[in-house]
Structure formats: structure tokens, C-alpha cells
Amino acid sequence: MALVEVQVPDIGDFDEVTVIELMVKVGDTVKAEQSLITVESDKASMEIPSSTAGVVKEMRIALGDKVKQGSVVLVVEATGAAAAPADVPATPAAAPAAAVAAPAPAIAPVAAAPVAAASGPVEVHVPDIGDFKDVVVIEVMVKPGDTIKVEQSLITVESDKASMEIPSSHAGVLKELKVKVGDTVNIGDLLAILEGTVAAAAPVAVAVAAAPAAPVAVASAPAAAPTPVAAAVAAVAAPAHAPGGTTLGLPHASPSVRKFARELGVPLAEVKGSGLKGRITEADVQAFTQAVMSGAAQTKAQAAKAPAASGGDGAALGLIPWPKVDFAKFGPIERKEMGRIKKISGANLLRNAIMIPAVTNHDDADITDLEAFRVSTNKENEKSGVKVTMLAFLIKACVSALKKYPEFNSSLDGDALVYKSYWHIGFAADTPNGLMVPVIRDCDKKGVLQISQEMGELAKKARDGKLGPAEMTGATFTISSLGGIGGKYFTPIINAPEVAILGVCKSTMEPVWDGKQFVPRLMLPLSLTWDHRVIDGAAAARFNAFLGQILSDFRRVLL
Ligand code: CAO
């Protein structure tokens, strides 16, 4: 069977258009007039159809390529007839097909430079948009009061074959807009009234007096009655999306919005459209960008790199997909979006849980004497208003253990360990918005009372949502205390780039063997999670044992 090169047909005055979508691949069977690629200028997008049926043997263009009339799109092993009768001059033998299918201009000339001046109100009408009748206004790009330039796009209209932007024939201030989203318009319809108008767009507009401006993105043959050839041309100019929200692979948006998104690097397929039939507007792209920049949303690419709180889809890790369950099938449900802090901390926790080979050691510390000391200290300090909880003593005890075992106060940096000569301790705080970790700086230089006071202040700020970034960064080690709530042991997740975290649960009176008898002792459950890349099991056991010794006799802090 014959190999046929399918070319870009006559697409009017547009010299070079960009390939923005490939709709077929090598091996696909295509029908005559089936859309092969979508191309886009700054004013219109259109699909290029196949002139012949067959099997795609070779793609000759790639995404982003610039093409023009005659560019070879692909090579098809033909199985059927060409799409339309060849009523145009013969083309070279090797490239006949597509050119045959599209003899008429798909896009009429853009208006020439301004030629006429006016001062009073000027009506702007729908220009010649070819064979397209009753096209729907899907986007209004201007509002009363806007200063409009000649050829500035005013609205986007869409037929079932193409979407196009309608430009202004004059410059001036927009006094009145005569159409709204959802209206249907035809050639000659009044679009807008401008005032203070300075120039008309083109000789064409002038020639038809106050009537239509020069067409810009018309996707049809000239005004002649539809013919089989014109029908083929209409197919040439098919839009990336059929109206009604049915996408053919591209987001539902006008060329200018797509261009805007490309400039910002916004993946348009991930933007939710708020326009008619879900069409994406410039404002949608802006809102998406703001959400990503503020951390409130992630692109799919970001999610693949740093899985989201919910775990993304796990595809980046080669995992099977997250189960999708229609919970409503089993009973009443209510869906609530997670808050910003939960989303951010969730993504961090997931990364840390997945990336760190973490091990947790559990141990108990005898805090009988320390608790008695704490209670008496609080009694003595009743008037000062500063209450000391076990967590403040734990912070101080941890600093001693971190000094004795410095790798616990380090961070991994590639193949190197960064040892820090400062001891800033983070503590997990439960807040109405989610988990936060305020940081108390230089705990080695502060006493338990000062630590208690700062902890109280930072915890309050965290609950009030008033913590600044500086108060949540720079920790060298973190303590997560559930002591005020309950529980026995748990496995805290390391707060990267730290290498260890101490989990603390509620102390309980327990019978402890003293060598001769069981005696009641207040025991504090400790859970130390550590990064096995940095810390060995023996070091972790020693750290816990040392911490236990300090807590059982706090005078050791002084040693
Ligand atoms: N054993 C027994 N009682 C304890 C205790 C312990 N280990 N730790 C604290 N308590 C007691 C306190 O003495 C206090 O008792 P009184 O009111 O009778 O004096 C009570 O529990 C409440 O303490 P607290 O929780 O207000 O104070 P804290 O210093 O222990 O903790 C803070 C402060 C901010 C860490 C805590 O309020 C908090 O938010 N904890 C939750 C942390 C968290 O969510 N961790 C999990 C992270 S992983 O998801």
C-alpha cells in the first residue's frame, strides 16, 4: 500500500503555528478527516485533519514544533481514498493528500494598521466569521471602563468547530458591552460601544462602514456558500474541545489563556475552569498560580516529587494506586477539605516517614524524685505564674544527652554529617489547625524556668496561629510529648533534617524491683526514633539510658 505524507493544509495568513497537541501516534489507524494534531496561533487553535485513511507509520513533527502550510505532519500507509476531491492545483507527487483537503483559508487576514480616526461613540460589531452561525460567547475579556486598543480581543466565541477571539475594530474606552457569556452571536451583531475612539482597525472595516470589523480568527472559507471543500476546511479548524465540556485531550481554554498558562509554566490540564461549560479563564490560571505559590495547592509534578498529605497516588514510588472508595455507598458522609497546616505538615511527615530509615527504641525513666521536685518548685513559684511541666525538664535533660552524643544533634548533608554547636529544641504542639513545632533557641544557655516560660508563650502563639517562620525553624532535635494526654509508647516521625526525635507519654506509678523488693516508682515512657543512616542501635540505647539516668537524678545535668 502507498505511503502518503500528510501535510498541513492552507491555514490562511498564519505563517507559522505551534503544535500544541499530538492526537495520534505511530501504529494508530486513522480515518480520513480524523484530527491528527492541534495547532495554535495567538488568536486561534485548530485541529489538522488527515487527508487520507490508513495506519500512521511515522510522525514528522513533535510538540512545540512550528508548522505552516505544506509542513509534513506524518506518514500514513494509505488504506482508503483521500478526504476531498482534488479541486486545487496538483501538488507534488509525494505530498498531495492534506493539501487537497484544505484549499480555503482557515483564518482570514488580521486587520491592518489603523487608518481612520473618530471621536464620538463607535459601535463594534461581530466581523465576518465565515460560515459560522450562532456562535456562543464563552468568555468576555473586557469590562466597561476598560481602555481598549485596536485589535484587542473583546470576547471569545465558540462553535462546534472552532474557538476564536473577536477583536475590537477601534480603540477607545469601553462604554457599553452588548453581549454576555452564553449569548449567541452572528456576523454584524453589535458587540460594544466605545467612546473617545481614535482609530479604526482596517480598510475592510472602513469599507463596510460602521459594520463589522476585520476578522481575526475566522476559521472558515470566505463568504461563499458551503461546499464539500468548505466543509473540509471547517474540519481543519475544529477546536481542541467540543462544546459541552467534552475534551479531546486539551483543557477547555482560549488560545490566549493557553499562552498565558504556558508563559507561567502552569499545567492547564490541572486548572479547574470557572467559565461557561468549565472553560478555563485567565483568572482561573492566576488563582491556580497563587494557590501553588502559597503552598495551598500542588501541581501533579510537585506531588510526584514530594507526595502530598494523602500520599499522592504513589505512582512515583511504583506503588499500586490509592484505593478509591465511594464511602457514601456505606452510609452518610461529609467531605471537608483539610486545612493548610495539615496539608503542609502531612506532606512533610510523609516524606520523612518514607525517606528516613527510622528505628524507635522504647525505654522508661524513673522520674519519682524529679516529679516531687517539679511539684515543689511549682508550689514555690505559684506567685510568679510560671508553671513548670515535665517537658521543660526533658528539654534540659535532652540537651545534656545531645552534648554527650553529638550525632543526635547533627544533620545529613549528602555524604557528610553537619554537627551543630547550638542546641535549639523543637516541641510538637497540638493546635486547632493541626500539629506545629515551635522552637526554643539556645536551650543549653537557659534554665528550666525560662524554658517553661518560653514554651508557654510559643504554645499559645501556635494555638492562636501567630507563630512566625523564625519561631518554627532551626531546631536541632524535637520532643513530642503526649504526657498531658495519655498513652504508653508511640513511634514519632523524625522532623527532617534532624536525625532523631523523642516521644514522651504519660508517667505512671509502677512497681519497680530495687534488688530486694518491689517499690512504687513514677515511670516515664520514652520513645526515641532515630535515623539509622546516622545513628547506630547501640548509640540510641546509650542515649536513652543516659537520658534515663539524668531524669532519675537531675543533678547529673550539672556534670
Ligand atoms: N506524664 C504525666 N503527666 C504529664 C506529663 C507526663 N509525661 N506531661 C505533662 N503532664 C501533665 C502536666 O503536668 C499537666 O498537669 P497539671 O495540669 O496537673 O499540672 C498536664 O499534663 C497538661 O500538661 P500540658 O500538656 O499542658 O503541658 P506540657 O508542657 O506537657 O505540654 C505542649 C505542652 C504544648 C507540648 C502540649 O500542650 C501539647 O500540645 N502536647 C501535644 C503534642 C503532640 O500533639 N504530640 C504528638 C505529635 S505526633 O502527632
Side-chain angles (χ1 to χ4, degrees), residues 309 338-339 341-350 352-353 356 358 360 362-382 384-398 425-440 443 448-467 471-472 475 477-496 498 500-510 521-529 547-548 551-552 554:
M338 284 206 295
I341 290 173
K342 263 205 181 306
K343 282 186 198 165
I344 294 171
S345 65
N348 277 290
L349 287 165
L350 182 60
N352 300 345
I356 301 175
T360 305
H362 303 290
D363 211 339
D364 292 323
D366 183 339
I367 57 163
T368 317
D369 298 338
L370 185 58
E371 175 63 4
F373 176 63
R374 186 186 76 85
V375 171
S376 68
T377 306
N378 277 342
K379 265 196 192 134
E380 282 165 24
N381 284 326
E382 228 161 13
S384 75
V386 178
K387 192 177 132 192
V388 180
T389 61
M390 190 51 66
L391 186 50
F393 286 102
L394 276 161
I395 288 175
K396 208 63 198 159
C398 281
I425 309 297
F427 65 97
D430 181 30
T431 81
N433 295 322
L435 179 67
M436 303 196 80
V437 185
V439 179
I440 305 177
C443 292
V448 170
L449 283 177
Q450 189 180 347
I451 289 173
S452 285
Q453 184 170 356
E454 284 188 28
M455 196 162 61
E457 289 164 3
L458 287 169
K460 181 170 184 324
K461 270 185 158 182
R463 287 180 187 129
D464 294 345
K466 289 184 177 153
L467 274 182
E471 290 165 315
M472 291 187 282
F477 183 82
T478 294
I479 302 179
S480 175
S481 174
L482 294 171
I485 304 167
K488 199 64 180 152
Y489 304 101
F490 69 113
T491 52
I493 293 172
I494 295 169
N495 196 13
E498 295 157 40
I501 182 169
L502 182 71
V504 184
C505 282
K506 196 175 182 72
S507 57
T508 50
M509 270 297 179
E510 288 176 20
R521 303 297 294 177
L522 187 65
M523 303 304 288
L524 181 69
L526 302 175
S527 303
L528 179 74
T529 301
L547 194 59
L551 293 169
S552 65
F554 214 75

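Whatever order the structure lists ligands and atoms in, that order sets their numbers, starting from 1.
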* Asked: Taking N or O atoms only and a 3.5 Å limit, does C505 qualify as a polar contact for ligand 1?
  -> yes
* Under 3.5 Å: N/O of S480 near N/O of ligand 1 -> yes
Under-4.0 Å heavy-atom contact with ligand 1, by part of [X] that carries it:
X	value
E371	neither
L435	side chain
D430	both
T431	neither
M523	neither

* Asked: Partners of E457 by salt bridge (Lys or Arg N to Asp or Glu O under 4.0 Å), sequence neighbours excluded?
  -> none
Would you mind checking which non-hydrogen protein atom is closest to [atom], with the distance to 0.1 Å?
atom	answer
atom 18 (O) of ligand 1	K387 NZ, 4.7 Å
atom 4 (C) of ligand 1	G483 O, 3.3 Å
atom 33 (C) of ligand 1	L391 CD2, 4.2 Å

* To do: Quick one: which residue pairs count as a salt bridge (Lys or Arg N to Asp or Glu O under 4.0 Å) with a foot in residues 386-397, not counting sequence neighbours?
  => none
* **E371 side chain to S507 side chain, donor-acceptor N/O pair below 3.5 angstrom** => no
* Indicate whether the side chain of T368 and that of D366 have a donor and an acceptor atom separated by less than 3.5 Å. => yes
* Any non-hydrogen protein atom below 4.0 Å of atom 24 (P) of ligand 1? -> no
